[in-house]
Amino acid sequence: MEKYRICGGRPLVGAVDISGAKNAVLPILAAVVLTEEVCCIENIPNIADVSTSLEILTALGATVRRLDAHTIEIDPGHLLTHVVPHDLSCHMRASYYFLGSLLGRFGVARTSMPGGCNFGVRPIDLHLKGFRALGAEVPGQLDNGMIEVKAESLVGNAVYLDQVSVGATVNIMLAAVRARGLTVIENAAKEPHIVDLANFLNSMGADVRGAGTDVIKIRGVEYLRGANYSIIPDQIEAGTYMAAAVATGGNVLVRGVIPKHLESITAKLEEMGAVIEELEDEDAVRVSCNKPLRHCTVKTMPHPGFPTDMQPQIAVLLSIAEGTSFLTENIWDNRFKYISELRRMGADVQVNGNTAVFQGVPRLSGAPVKADDLRAGAAMIIAALCASGVSTIDNICYIERGYEEIVEKLQALGADIERIYVPSSTSQAM
Ligand code: EPZ
């Protein structure tokens, strides 16, 4: 049983290099099966979800070759099946992106019904609505926990997304690039990773226009060629380190970022009293904070609003900000499970429906806590870094799904953090 052990109270100081974006690389790796030619993807983060995606590609029959620590060459020319193995797809929700890309490649795709998550039900009705609109047959119910979509031929169509959905936008794009004619996705997600996927598809010879706006137009093409592509930096990883720098009263240069992708995060941290300098020519931001944080109100919204994937992280800052702060979660119906862990560290917070109300406390105190999911786990790390005393964090596998070398990166910033091994018999006792 591995845990993180953190001794808090030390300001983070130094520089951190941001890795490629998890939520961009996962759809792009799924998109590779749309061509029969070799693709070379650079700036790939070494995280568990990428490993799972590469295992899925291999299981489908692709040849996967690592060229260096962050560059992978994939040859999808000899795929053997349209079925994503259950034992892989049940581990990672984003495996459902292979539904769209295998449907686009073969006219049929089969994968596990994605599991729920620790922050509520995660339906895929909008994905299936999009596939049906393109002419695919979608089953009314699952067979043996698997979902299969198939189409004699995919024909472009208009799809209105009742709710802004990153996953549905991605999946419809992946199927539509090989559909005959024009597909128009209305009320599309506008996240940077949607734009990154569109740019990758267009580098393969697709015709995708309007990504980053709420109307995306895709004119299907007969053939997609292989491409070389570099993944954008991870806005959420960058935001996480920015929040950690602010929480610990430190001074951190966050390098290898696109400052524009961070605007909503930067604005909120500055509102709380942080000083953030955008170094455009260096693709970096410098984040510092040397005074008590001011209370504020945060509401998560689809991009370009404040990202839901930064919600737990900013909650730590609100718990130590002077006065009363309000945090409203507008994307997920149950993304406050981690609050109970934050209370164990001394936070004074009440959750009323989709809003958490914080009464700031001077300082959190170290405690044994656990990661409920990826971003909640990152929040526990930030809380432990700014708390007095020692904390241990359990369920670190969630964290390592989405943060490359987080222990090493934090140690380089002066954090007292280490990965410890706790024999399972004692871990229950702690
Ligand atoms: C993506 O999840 C991200 N995951 C999530 O990040 C992120 O929280 C989310 O987008 C919102 O930005 C990846 O990109 C791999 P949605 P996704 O479809 O696509 C509802 C992380 O920490 N909805 O945009 O699953 C849904 O219930 C992860 O990196 C439907 O109702 O999210 C939610 O309320 C966590 N029907 C809202 O839409 C559908 O068919 C937004 O979900 C699909 C979604």
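Whatever order the structure lists ligands and atoms in, that order sets their numbers, starting from 1. Numbering of residues begins at 1 and proceeds along the displayed sequence.
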Which of the ligand 1 atoms, numbered from 1, are nearer than 4.0 Å to a heavy atom of [X]:
{"X": "Arg335", "result": "8 (O), 22 (O), 35 (C)"}
{"X": "Arg93", "result": "25 (O)"}
{"X": "Arg375", "result": "21 (C), 22 (O), 29 (O)"}
{"X": "Ile124", "result": "39 (C), 40 (O)"}
{"X": "Val164", "result": "38 (O), 41 (C)"}
{"X": "Gly167", "result": "18 (O), 19 (O)"}

What heavy-atom pair brings Leu103 and Lys150 nearest, and what distance separates the two atoms?
->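 Heavy-atom minimum between the residues: CD1-CA, 3.9 Å.
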Could you tell me whether [X] approaches ligand 1 through its side chain, its backbone, both or neither, with non-hydrogen atoms closer than 4.0 Å?
{"X": "Glu237", "answer": "neither"}
{"X": "Val166", "answer": "both"}
{"X": "Leu126", "answer": "both"}
{"X": "Lys129", "answer": "neither"}
{"X": "Asp373", "answer": "neither"}
{"X": "Tyr96", "answer": "side chain"}
{"X": "Lys22", "answer": "side chain"}

Neighbour count above 12 (heavy atom, 6.0 Å) for Glu152 CD =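 No, the 6.0 Å shell around CD holds no more than 12 heavy atoms from other groups.
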Give a yes or no answer on whether the side chain of Arg401 reaches the backbone of Ile47 with a donor-acceptor pair at less than 3.5 Å.
->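 Such a contact is absent between Arg401 side chain and Ile47 backbone.
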Please check if the side chain of Glu148 supplies one atom and the backbone of Ala109 the other of a donor-acceptor pair under 3.5 Å.
-> no
Nearest candidate to [atom], where distance is taken over non-hydrogen atoms, out of [options]:
{"atom": "atom 31 (O) of ligand 1", "options": "Ala94, Pro123, Gly377, Ser95", "answer": "Pro123"}
{"atom": "atom 11 (C) of ligand 1", "options": "Ile194, Leu26, Thr308", "answer": "Thr308"}
{"atom": "atom 18 (O) of ligand 1", "options": "Ala24, Ser165, Gly130", "answer": "Ser165"}
{"atom": "atom 8 (O) of ligand 1", "options": "Leu161, Asp309, Asp333", "answer": "Asp309"}

Any side-chain heavy atom of Glu237 sitting closer than 4.5 Å to one from Lys409?
->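 When only atoms from C-beta onward are counted, Lys409 and Glu237 do touch, with a gap below 4.5 Å.
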Below 4.5 Å, heavy atoms only, C-beta onward: do Arg335 and Arg375 meet side chain to side chain?
->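 The answer is yes, as the side chains (C-beta and beyond) meet within the 4.5 Å cut-off.
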Close approach of Tyr398 to ligand 1, heavy atoms, under 4.0 angstrom = no
Pairs meeting criterion ring-ring contact (aromatic ring centres under 6.0 Å, His included) with involvement of residues 161-212, two or more places apart |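 Residue pairs passing ring-ring contact (aromatic ring centres under 6.0 Å, His included), neighbours aside: Phe200-Tyr229.
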Got a sec, which pairs hit ring-ring contact (aromatic ring centres under 6.0 Å, His included) with one end in residues 35-76, sequence neighbours left out?
-> none
